[in-house]
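Structure record follows, encoded as structure tokens.
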Amino acid sequence: MTLHSGASESDRTRSGHAVNPFYGEADPVAGMATAPPRHTLPDGPLAPHTAYQFVHDELMLDGNSRLNLATFVTTWMEPQAGVLMAECQDKNMIDKDEYPRTAELEKRCVAILADLWHAPDPATAVGCSTTGSSEACMLAGMALKRRWMRRNADRYPGAARPNLVMGANVQVCWEKFCNFWEIEARQVPMEGDRFHLDAASAAALCDENTIGVVAILGSTFDGSYEPVAEICAALDDLQERTGLDIPVHVDGASGGMVAPFLDPDLEWDFRLPRVASINTSGHKYGLVYPGVGWALWRDAEALPEELVFRVNYLGGDMPTFALNFSRPGAQVAAQYYTFLRLGRDGYRAVQQATRDVACSMAERIGALDDFRLLTRGDELPVFAFTTADDVTAFDVFDVSRRMKERGWLIPAYTFPANREDLSVLRVVCRNGFSQDLADLFLTDLEQLLTELRRQPHPLERPERMATAFHH
Ligand SMILES: *Cc1c(COP(=O)(O)O)cnc(C)c1O
């Protein structure tokens, strides 16, 4: 697309030949033959089409989001959603009195999620939209901390230091939460082929200073669901033995919008009385462009009233719980659109198609002698794999780097404690990643493997030998 509006006198060179007006004209307003300053404000304005073209052209160097198999975030929506979002991009979510219908759509989304996640009484479940799961986790974590503080007012602040129990596979937002709010992060390490939190280890780390346990549905490292019901049962047992009543927060950033449609019998949500709060990313399997997330509490008691602010200077009296004040409203409108557009059957169809692609892709990769699967894409539509034990000619980082040459963005990374020895590749399948694209990916991967199998061992390659020499 070009936003230029036709040739003019300034579009002509001195010799009189018409040239491309953007790229052949040194005029600072009309042309692009000189680069504008990058780190200071330019002295004067540029024409809108020129400024557009500079920014547009630079962004061509970004990766293609649709080929980005690293991200969980929605990279394809229907055109109608794009139109709706463009219509709402000037709406500020905080102006609830001025934009009452946007506020109403947010409320409806909370009610829809409360129902979907089996809140005991969806009418009294409380919740809010956020910029993503990270903000939602901060809010849920603060509620856990505040509830613990109330129960331990005699010891805190003072001698007691609150802690939060989680697996070492948590998303970084939980490390941020613990750092920002001065909570000890008690992490259960991975062990052998257990790549996420298990019930016995979670209960064993709890004590009188534990504000809660975080269970993840599912893990960003490998797409596996943590055993939320087992974790709750182990905490029930702990309560019987010790009297400690530890609430659970479910980080359903991805799985909160997958499991209700594909695994309806899996009990991970408010059906479990110990689950106090749940978050999800509307912009992951909620199928909305970034950034929107959701935080819900099972009832008003789970969210201490003193954390909720009453904003009245915009007119009206509106309760809000958020870290941000101003925040875009378009994503909330798009979430409501998607709920309305797809319904239960539509979500089930989309998530099932995505899971089918993930499972068949995982199976085909697992069938190659070069790789060993860690997960199969049958929980989150996400799977992780590593090189087979006898593969020495290349490692997962080579595969990641070389697939990039073909446009595919597939991350390679090492696992956390105690499996730092394990390096994996991970594929996140999303709406819009069709079987056809998956076939193209596999064709490229197989071609690459024929090259990689022939190359010298990593430690014998000239560039690595040079590095080794210098050290
Ligand atoms: C993505 C993710 C987050 C962070 O969510 P954002 O929406 O990106 O802020 C938190 N927890 C888990 C398990 C995630 O997958």
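In each ligand, atom 1 is the first atom listed, and ligand 1 is the first ligand listed. All values below come from the heavy atoms of this structure, side chains included, with hydrogens, waters and symmetry mates left out. Given the structure is predicted, the values throughout are model-derived calculations rather than measurements.
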Write none if no such pair exists; otherwise list each N/O atom of ligand 1 with its protein N/O partner under 3.5 Å and the distance.
| from | atom 1 | to | atom 2 | distance (Å) |
| --- | --- | --- | --- | --- |
| ligand 1 | 7 (O) | S133 | N | 2.8 |
| ligand 1 | 7 (O) | S281 | OG | 2.8 |
| ligand 1 | 7 (O) | H283 | NE2 | 2.7 |
| ligand 1 | 9 (O) | S133 | N | 3.4 |
| ligand 1 | 9 (O) | S134 | N | 2.8 |
| ligand 1 | 9 (O) | S134 | OG | 2.6 |
| ligand 1 | 11 (N) | D251 | OD1 | 3.3 |
| ligand 1 | 11 (N) | D251 | OD2 | 2.6 |
| ligand 1 | 15 (O) | K284 | NZ | 2.8 |

side-chain hydrogen bond (donor to acceptor under 3.5 Å, both in side chains) pairs touching residues 371-387, sequence neighbours excluded, are none
For residues 67-86, the side-chain hydrogen bond (donor to acceptor under 3.5 Å, both in side chains) pairs (sequence neighbours left out) are T75-R430, E78-Y337, E78-R341
_Can you confirm whether R241 is buried at CZ, in the sense that more than 12 heavy atoms of other residues, nucleotides or ligands lie under 6.0 Å from that atom?_
yes
So the ring pair (Phe, Tyr, Trp, His ring centres under 6.0 Å) pairs with at least one residue in residues 200-227 (sequence neighbours excluded) are F221-Y413, F221-F415
| message | Could you check whether K91 pairs with D95 (Lys NZ or Arg NE/NH1/NH2 to Asp/Glu carboxylate O, under 4.0 Å)? | response | no
Per side-chain hydrogen bond (donor to acceptor under 3.5 Å, both in side chains), E104 is matched among R101, R108, K107 by R108
